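Here the structure is a predicted model, which is why all the values come from computation and not from measurement. The chains referred to below are lettered A, B, ... by the order of the sequence lines, with proteins before strands, and numbering in each begins at 1.
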Amino acid sequence: EDQVTQSPEALRLQEGESSSLNCSYTVSGLRGLFWYRQDPGKGPEFLFTLYSAGEEKEKERLKATLTKKESFLHITAPKPEDSATYLCAVSNQAGTALIFGKGTTLSVSS
Amino acid sequence: GAVVSQHPSWVICKSGTSVKIECRSLDFQATTMFWYRQFPKQSLMLMATSNEGSKATYEQGVEKDKFLINHASLTLSTLTVTSAHPEDSSFYICSAREPRGLNTEAFFGQGTRLTVV
């Protein structure tokens with residue numbers, strides 16, 4: 001069964017304190033791994049897509065990496081506005097629904 | 001990125017009434033859209049896959065007679081919660097994937113907070 005597990009469930013950081021979020025997956029034929037940001041009461045906002053092991057993508061303070069078993073979302077020098085729930089999802093077939101993890105809720109205090 | 005618009009963003013209805021939620025892809029044609037339900041502090045649970053011009057495919061445990069899905073055009077899918085009850089109160093989110101190739105990200109609507117009183 002295809003599965004996505006995210007850790008930790010919650011993470012509290014001080015402003016400027018870098019850290020990483022983990023997404024472990026088992027999928028029968030990975031067609032893409034996706035990272036989303038979700039603010040309370042809003043729909044998920046797309047961040048990154050990774051397709052193959054070794055791939056990396058960056059956007060401002062965020063950097064996503066991918067191996068054959070997991071993905072990391074690295075947050076460098078976070079700011080309070082980075083506080084949100086970060087969701088990881090995988091696709092096992094083109095055009096089908098994504099399979100989501102439960103998310104990591106990040107809180108950054110100043 | 002592509003834009004998916006969902007309406008309304010919140011709705012309060014009386015128990016026993018029906019509520020319709022709209023999901024539109026604003027700048028691309030979506031032959032397939034997805035409807036999710038999200039409980040507080042939980043991840044997104046897929047309810048059904050909406051296919052343009054054909055019947056929706058429902059996930060196990062989702063009542064298709066209660067959650068009616070219509071995908072009448074390439075840019076619009078609707079979810080109707082029929083005879084709503086308080087246990088149907090939840091956050092409903094729609095999603096669409098751009099048909100630009102085999103591996104594409106999904107874009108999400110803003111979500112609809114349904115409260116049944």
Side-chain angles (χ1 to χ4, degrees), chain A residues 1-11 21 23-25 27 29-52 55 57 59 64 66 71 84-107, chain B residues 1-10 21 23-24 29-52 56-60 62 77 90-115:
Chain A
E1 181 184 348
D2 298 333
Q3 200 168 356
V4 177
T5 303
Q6 290 187 248
S7 62
E9 287 187 17
L11 180 63
L21 282 56
C23 171
S24 299
Y25 64 90
V27 62
L30 181 69
R31 301 299 293 272
L33 184 140
F34 307 84
W35 282 99
Y36 289 86
R37 168 188 172 133
Q38 186 177 26
D39 292 301
K42 302 289 176 101
E45 175 188 347
F46 171 75
L47 293 174
F48 302 109
T49 309
L50 301 167
Y51 293 112
S52 57
E55 189 173 359
K57 288 192 177 174
K59 180 181 180 181
L66 181 65
S71 176
T85 296
Y86 290 85
L87 298 169
C88 173
V90 297
S91 173
N92 57 10
Q93 290 185 51
T96 60
L98 303 184
I99 302 164
F100 281 87
K102 293 186 176 181
T104 294
T105 299
L106 173 67
S107 300
Chain B
V3 178
V4 176
S5 177
Q6 189 173 340
H7 177 82
S9 56
W10 60 271
I21 302 170
C23 180
R24 295 179 184 273
Q29 294 183 330
T31 54
T32 305
M33 291 186 176
F34 308 96
W35 287 95
Y36 293 86
R37 184 172 180 174
Q38 187 176 34
F39 292 102
K41 299 189 178 181
Q42 297 292 317
S43 190
L44 283 72
M45 290 179 51
L46 180 66
M47 297 176 64
T49 300
S50 171
N51 304 297
E52 187 269 336
T57 304
Y58 290 82
E59 295 299 299
Q60 191 172 12
V62 178
S77 175
S90 190
F91 192 56
Y92 293 87
I93 311 173
C94 71
S95 169
R97 297 181 78 170
E98 275 192 282
R100 283 190 292 110
L102 297 181
N103 299 313
T104 59
E105 55 268 22
F107 295 95
F108 289 81
Q110 305 94 315
T112 297
R113 171 70 59 191
L114 170 63
T115 302

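Interatomic distance, B:R97 CZ to A:T96 OG1, rounded to the nearest 0.5 Å: 6.0 Å.
Annotation for A:Q38 and B:L44: closest pair OE1-CD1, 4.2 Å, computed over non-hydrogen atoms. Closest of all the heavy-atom pairs between A:K42 and B:F91 is O-CE2, 3.6 Å.
The residue among B:G111, B:G109, B:A106 with the most heavy atom pairs within less than 4.5 Å of chain A is B:A106. Most heavy-atom pairs under 4.5 Å with chain B: of the set A:T105, A:L98, A:I99, this distinction falls to A:L98.
In this structure, B:F108 has its ring center at least 6.0 angstrom away from the ring center of A:F34.
Within a 6.0 Å sphere centred on NZ of A:K57, heavy atoms belonging to other residues, nucleotides or ligands number more than 12. Within 6.0 Å of atom CD in A:E9, 12 or fewer heavy atoms from other residues, nucleotides or ligands are found, so the atom counts as exposed in its surroundings.
For B:Q38, the part lying under 4.5 angstrom from a heavy atom of chain A is the side chain only. Only the side chain of A:F46 comes within contact range of chain B, with heavy atoms under 4.5 Å apart. Of the two parts of A:Y36, only the side chain, counted from C-beta on, holds a non-hydrogen atom closer than 4.5 Å to a non-hydrogen atom of chain B.
Side-chain contact check for A:Q6 versus B:S43: every heavy-atom pair is 4.5 Å or farther apart.
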